[in-house]
2 protein chains.
Amino acid sequence: MEIVKESLILERKGVKPTANRILVLRTMLAASHPISLRELVMLLETMDKSSIFRVLNIFSVHHIVHAIEDGSGTIKYEICSGEKFCSIHDMHTHFYCEVCHQTFCFKNIHIPEIQLPEGFFMDSINYMVKGVCAKCSRKPASK
Amino acid sequence: MEIVKESLILERKGVKPTANRILVLRTMLAASHPISLRELVMLLETMDKSSIFRVLNIFSVHHIVHAIEDGSGTIKYEICSGEKFCSIHDMHTHFYCEVCHQTFCFKNIHIPEIQLPEGFFMDSINYMVKGVCAKCSRKPASK
DNA sequence: TCCTGTATGCAATCGGGTTGCATTTTTTTG
DNA sequence: CAAAAAAATGCAACCCGATTGCATACAGGA
């Protein structure tokens, strides 16, 4: 329950730990799923959307979070798992439920690797599965 | 070089072959890469954006094209390869070049399958690799 | 304390995607 | 074949997430 846990994370990645940045990081750590800018705006009433946006950008550059596109149209952000940076082997599969519009992390399902053609260099991979999640597939029509 | 090739494709998939739809389909067949609505608007000066948009939607529903999200922020559309519909096994890997902003199809690299957790059902998969393409990696700074 | 660079909030803008509605075109029907 | 109905299209407007310009607030160093 250290108060400064977030500060340490930020400093270790070379980001000055301002109050807002700690706030964003703490909120994202508490969230159990990849989170959108919109959600963060709702959760952080004290912060402006643009400030959150800029914090997320800084976090991305410094490999504190990475963006995932789940096909919902809005970008989701997720805390990087690796200490140094996110390598392919740290990346995992994501699942987007078309019913409840939630994005799930399958942390234990790593992305299968492929062999790229000559001359192509990889920066990141996104393995997105769309469908219906366990909860929504259980209750057919709960509108 | 059959004039009615596109018509046949459309009819086989249950879509009435109007002039505009044939036009869109022909343009997409001619394009060697997944194409965005924006590109289609530029290529098809006679058609309105909303009309192209609606044609693409109809095509999607009838499995003539499918949408892929390459992480560029704009949706790309690609002709379905399968006769009947696009199954997982028809799906292939895509590559988005962060330099030239083009999306490539690796038609011969099929998406490796994963095992979903209990209760999760799959509709579609997107396997997106981001990085630098062969052409852009050859010429370092050609701005 | 003063100065400088960074961080932040506010408001405006941008752009892709989408929709409402009137018009045109096609199909159906008498 | 003409009238009526249905489908397709174009135009303009709208929605909404993402992004930026700018003025202010703040932190750290001289």
Side-chain angles (χ1 to χ4, degrees), chain A residues 4 6-7 10-11 13-27 34-62 64-78 96 98 101-103 130, chain B residues 4 6-7 10-11 13-28 34-62 64-78 96 98 101-103:
Chain A
V4 288
E6 290 88 1
S7 300
L10 293 175
E11 278 168 354
K13 302 263 189 164
V15 173
K16 198 201 319 181
T18 70
N20 275 345
R21 289 173 186 170
I22 291 174
L23 211 55
V24 172
L25 180 55
R26 182 171 301 169
T27 307
I35 198 168
S36 67
L37 175 57
R38 179 192 193 72
E39 283 179 276
L40 283 171
V41 168
M42 289 189 296
L43 291 171
L44 300 171
E45 299 181 353
T46 61
M47 280 185 74
D48 185 74
K49 180 175 64 162
S50 63
S51 301
I52 302 176
F53 172 76
R54 283 189 263 244
V55 167
L56 287 173
N57 270 7
I58 290 175
F59 282 8
S60 292
V61 170
H62 290 262
I64 296 168
V65 306
H66 57 262
I68 54 179
E69 0 237 344
D70 57 12
S72 68
T74 66
I75 301 169
K76 300 290 196 322
Y77 297 89
E78 177 178 53
Y96 177 69
E98 291 166 324
H101 305 292
Q102 259 227 2
T103 302
K130 279 202 219 178
Chain B
V4 288
E6 290 87 1
S7 301
L10 293 175
E11 278 168 354
K13 303 263 187 164
V15 172
K16 200 204 313 183
T18 70
N20 276 345
R21 290 172 185 169
I22 292 173
L23 211 53
V24 172
L25 180 56
R26 182 171 301 168
T27 307
M28 294 190 68
I35 197 167
S36 67
L37 176 57
R38 180 194 191 72
E39 282 179 276
L40 283 171
V41 168
M42 289 189 297
L43 290 171
L44 300 171
E45 299 180 353
T46 61
M47 280 185 74
D48 184 74
K49 181 176 64 159
S50 64
S51 300
I52 301 176
F53 172 76
R54 284 188 261 243
V55 167
L56 287 174
N57 271 7
I58 290 176
F59 282 9
S60 292
V61 170
H62 290 263
I64 296 168
V65 306
H66 57 262
I68 54 179
E69 0 237 343
D70 56 13
S72 68
T74 65
I75 302 169
K76 300 290 195 323
Y77 297 89
E78 177 180 55
Y96 177 70
E98 290 165 326
H101 305 292
Q102 259 228 1
T103 302

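By convention in this document, chain letters (A, B, ...) are assigned in the order of the sequence lines, proteins followed by strands, and residues within each chain are numbered from 1.
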Just checking A:Thr46: base, sugar-phosphate only, or nothing, at a heavy-atom cut-off of under 4.0 Å?
-> sugar-phosphate
Can you check nucleotides 18-24 of chain D for protein contacts, nitrogen or oxygen pairs under 3.5 Å, and list what you find?
{"from": "D:dA18", "atom 1": "OP1", "to": "A:Ile75", "atom 2": "N", "distance (Å)": "3.0"}
{"from": "D:dG21", "atom 1": "O6", "to": "A:Arg54", "atom 2": "NH2", "distance (Å)": "3.2"}

Donor-acceptor pair, side chain of A:Arg26 and main chain of A:Glu6, under 3.5 angstrom | no
Separation between CG of A:Leu10 and CG of A:Leu25, rounded to the nearest 0.5 Å = 5.0 Å
Is there side-chain contact between B:Val41 and B:Leu37, with at least one heavy-atom pair below 4.5 Å?
-> yes
Of all the heavy-atom pairs spanning B:Ser36 and B:Thr74, show the shortest one and how long it is.
-> CB-OG1, 4.3 Å
What is the distance from CD1 of B:Ile22 to C1' of C:dT26, rounded to the nearest Å?
-> 14 Å
List in chain and number order the residues that pass salt bridge (Lys or Arg N to Asp or Glu O under 4.0 Å) with A:Glu69, two or more places apart in sequence or in another chain; answer none if no residue qualifies.
-> B:Lys130
Side chains of A:Asp70 and A:Thr103: do they bring a donor and an acceptor to under 3.5 Å?
-> yes
Take atom CD1 of B:Ile52 and atom C1' of C:dT18, then tell me their distance rounded to the nearest Å.
-> 14 Å
Whole-Å distance between C:dC10 P and A:Glu45 CD?
-> 13 Å
CE of A:Met47 to CG of A:Leu40, rounded to nearest 0.5 Å, is 8.5 Å
Establish, from distance only, whether the side-chain atoms of A:Asp48 and A:Ser50 form a donor-acceptor pair under 3.5 Å.
-> yes
Rounded distance in Å - CG (B:Leu23) to C1' (D:dA8) | 14 Å
When the distance from CZ of B:Phe59 to P of D:dA8 is rounded to whole Å, what number comes out?
-> 11 Å
Polar pairs (N or O, both sides) under 3.5 Å between protein and nucleotides 5-7 of chain C?
{"from": "C:dA7", "atom 1": "OP1", "to": "A:Arg21", "atom 2": "NH1", "distance (Å)": "3.0"}
{"from": "C:dA7", "atom 1": "OP1", "to": "A:Arg21", "atom 2": "NH2", "distance (Å)": "2.8"}
{"from": "C:dA7", "atom 1": "O5'", "to": "A:Arg21", "atom 2": "NH2", "distance (Å)": "3.3"}

Rounded to whole Å, the CE-C1' distance (A:Met42 to D:dC16) equals 14 Å
Can you check the B:Leu56 CG to D:dA8 P distance for me, whole Å?
-> 15 Å
Minimum heavy-atom separation for A:Phe59 to A:Arg21, with atom names?
-> CZ-O, 3.5 Å
